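Taking it in order: structure first as structure tokens, then the write-up.
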Amino acid sequence: MKNCLGIVNLSEIDNNFGVLCQSRPTSMLPFAGRYRVIDFILSNMVNSGITGIGIFTGNKVRSVMDHLGSGSSWDLDRKINGLFLFTPTYDYTATYKRVGDLDLFYQNNSFIKYAKQEHLFLSKTYMLANIDLNEAYEEFVESGADICMIYKPVEDINQAYIGCDMIHLDQKGHFESVGTNLGKNKKFNLSLEMYFIKKEIYFDILFDAIEKGSANFLKQALFNNLHKYSVSTYQFDGHVSCINNIKNYADANFAILDSEVSNDLFFKHGQIFTKVKDEPSTYYKSHAKVKNSFIANGCQIDGYVENSIIFRGVKIEKGAIVKNSIIMQKADIQKNAHLNHVILDKRAKIGAGVTLIGEPNNPYMAGKKASIDKEVL
Amino acid sequence: MKEGKMIAMLLAGGQGSRLKLLTKEVAKPAVPFGGKYRIIDFPLSNCSNSGIFDVGILTQYKPYQLNSHIGIGSSWDLDRRTGGVRVLPPYTNEQGGRWYKGTANAIYENISFIDELSPEFVLILSGDHIYKMDYSVMLEYHQEKKADVTISVVEVPWDEASRFGLMHVNPDMSVIEFEEKPKKPKSNLASMGIYIFDWKALRKYLVADEKDSNSSNDFGHDIIPKMMNDGKKLFAYQFEGYWKDVGTIKSYWESNMDLLAESNTLDLYDRDWKIYSKNRHLPPHYISKDASVVNSLINEGCRIEGSLYNTILFNEIRVGKNAKIVNSVILSGAVIEEGAEVYNAVVMENVIVKSGTKIGTKDDTIVYLVSKNKIIES
């Protein structure tokens, strides 16, 4: 993978997450007790041997910078290659040119141009998986194709992938076209929005789209031009969670309560790395009762917890009940509080005796640092 | 000399032979403690929390795991452009190779290392103790008292006092007498093996001590008594808080159990004084619908389907259905299979306790050390 440069674009649609994405992009959503969504694609790249990674941060920069830092958690604080961050720039360029992400890719052209790597790996973060990119890359190089798209054959009974890209293959299994899933077919090939592309083809597409004004987004430009190039595909068969709305986000979290899913996501092709917090072990006190839950370090639990995901440093006091909920970092759930189908963002405080009940498909959500002392009905 | 500068020298070469199999493969400072740490994490975290960023670590006994644990010190923020952590093993010179003969000799052999850093004060630490302490406060005290040596002491119960090196002090805390493990103790202030020396003074004594062929080259036995005799100013600095020398299997087990007691005073959850350790990047632990976990500490990567009471689990431990673990410490990677029962035990790394096995009983006063091949009673 030495010859491949990783590029992750964090500008994703984040208006489907209510309070959770008020100050963070989708890629920074806390996940599975101690991770952020972005940790998965970063770890996949690092585990596969991609050592140079450029990240287009999108607008909600603070959260991104805070999490990534120098990249040391992913071993990306390097002299050779390493982590590069590209934030949006504000200048006197006409606003219409700054619609979409294409202009930003162009502005940071030299990063890609002067990199030694001849291939690019382009990805978003919201398709969460533990994937061996090395295998995909080798197939791409061997095939001699200009572009390789990664997909997973899915059976979408719950219509979780509405609006996602779908890839169509011909009878021989060759790439035919790419479109948007509207839910007509239950079985289809879900695009993971991960692409390998030859660097010169990337530039062709980028410059062409800007000069002709034919696209605002890189993906749009890419899809418009697919017919001109040879496109190969790589089939992935592991677990994929698509984090594109609250429902899917909650389901993706609860999915890890299944040991097959958690083994796949956390161990299959290497570990998932994240920012280290140096929390001590979790302390279960004398009234603790915990069933079917995933619990991170640094918690102090004296209450009842069932079917829940508990992040680092959460306190659950005596008599409190937490069911079917996602409780993020450093939340404080006081005596006899009762939570069912709730998502609490970081540092939320639920006062003694407070009852919060959401619905399975519509969880009750409390934003960052929310402090709830009275009943909310 | 850089005025006011203090460096730490951490003695981490000891075997800790009374810990038996626990130190068969690792030096005592590398012995796991408290569900996620190694003993050396406590003094190292104390150093960085106290703002001491020059730390020399003296290694000798089976240093491999210790070295890989320390690495370049990044876990404790001790990977620095100036200063940082340095591992100092014994070395050879024109006269051949020498092992460290004693605690004082280990520092003597590294005089040139310390001279290079040119500190005003040297803090001598041991890698064997569990405690949280702000060394910068001790330094202020040392400077205030204009002492040549400050020795950190802790109050111990009178009936145990004769196990320790004791400081007999005046009301102003200046040391009258130092006794190593006396039969009839005059004081219950035990030396914690933590010293602050003025480097210039210590350097002279180290050089003289090396020339003395009768010396055992030890701080407690030789250097401190000699300085006392010479009328140097020795002060005791009284430490309040949790401090434990993990000497034997039983005290190792006890000090782990201390963390689960209601009276526990070693607060690991204090965000202003975190204890840092090497991070393994493991996912959170999972507790199944059949499990029961009461008064226990669990670390990352575990999968619990059985019942735990008063127990500390390190990382990546599997506990099968209907397995029962009581009053025990289970080290990383161990598997307690379905239906197995473990009472009052320390189960070592990667040990598999097979289904149907029963170790100890509910009312045991003995502690069992369980390794791959045998069980030692203690």
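Everything quoted here is computed from the prediction, not taken from an experiment. All chains are named by letter (A, B, ...) in the order of the sequence lines, taking the proteins before the strands, and each is independently numbered beginning at 1.
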Between [X] and chain B, with a heavy-atom cut-off of 4.5 Å, which part of the residue counts as in contact: side chain, backbone, both or neither?
X       : result
Y35(A)  : side chain
L257(A) : both
A32(A)  : backbone
I272(A) : backbone
S72(A)  : neither
F266(A) : side chain

salt_bridge([X], [Y]) N-O dist < 4.0 Å:
X       : Y       : answer
K244(B) : D258(B) : yes
K275(A) : D66(A)  : yes
E300(B) : R34(A)  : yes
D245(B) : K28(B)  : yes

In the structure I gave you, are the side-chain heavy atoms of [X] and [Y] within less than 4.5 Å of one another anywhere?
X       : Y       : value
V314(A) : C299(A) : yes
L192(A) : F236(A) : yes
H67(A)  : T274(A) : yes
I330(B) : F314(B) : no
I336(B) : V342(B) : yes
W74(A)  : L83(A)  : no
I333(A) : L344(A) : yes

Quiz item: So which of V305(A), V276(A), N297(A) has the largest heavy-atom pair count under 4.5 angstrom toward chain B?
Solution: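 Winner by heavy-atom pair count: N297(A).
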Quiz item: Hey, which of E306(A), H287(A), K330(A), K289(A) has the most heavy atom pairs under 4.5 Å with chain B?
Solution: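 Heavy-atom pair counts peak at K330(A).
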Quiz prompt | Closest non-hydrogen atom pair between L19(B) and V246(B), with its separation | solution =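 Heavy atoms only, the tightest pair is CD1-O, 4.0 Å.
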Quiz item: Between F40(A) and F31(A), does the ring centroid distance fall short of 6.0 Å?
Solution: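 Close enough - the centres of the two rings lie under 6.0 Å apart.
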Quiz item: Can you tell which of G35(B), S74(B), S296(B), G34(B) has the highest number of heavy-atom pairs within less than 4.5 Å of chain A?
Solution: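 Counting heavy-atom pairs under 4.5 Å, the top option is S296(B).
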Quiz item: Between K289(B), K36(B), H285(B), which shows the greatest number of heavy-atom pairs under 4.5 Å with chain A?
Solution: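 Among K289(B), K36(B), H285(B), the one with the most close pairs to chain A is H285(B).
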Practice problem: Please test M28(A) against V64(A) for side chain to side chain contact (heavy atoms under 4.5 Å, CB included), starting from the C-alpha separation and ending with a verdict. | Solution: CA-CA 7 Å; M28(A) 289 299 147; V64(A) 179; 3.9 Å; yes
Quiz item: Residue by residue, which of residues 125-136 of chain B have a heavy atom closer than 4.5 Å to a heavy atom belonging to chain A?
Solution: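 So far as heavy atoms go, nothing in residues 125-136 of chain B approaches chain A to under 4.5 Å.
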Practice problem: Could you please state which residues from residues 261-283 of chain B sit under 4.5 angstrom from chain A, measuring non-hydrogen atom to non-hydrogen atom, sorted by number, or 'none'? | Solution: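 Near chain A, by residue number: L268(B), Y269(B), R271(B), K274(B), I275(B), Y276(B), S277(B), N279(B), R280(B), H281(B), L282(B), P283(B).
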Quiz item: side-chain hydrogen bond (donor to acceptor under 3.5 Å, both in side chains) with D345(A): which of K369(A), R24(A), K368(A), Q329(A)?
Solution: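 Single pass found, and it is R24(A).
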Exercise. Can you tell which part of L260(B) gets under 4.5 Å to a heavy atom of chain A, answering side chain, backbone, both or neither?
Key: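 For L260(B), the contact with chain A is made by backbone and side chain together.
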Self-check item: Part of Y37(B) within contact of chain A (heavy atom distance under 4.5 Å)
Solution: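 Answer is side chain: those atoms of Y37(B) sit under 4.5 Å from chain A.
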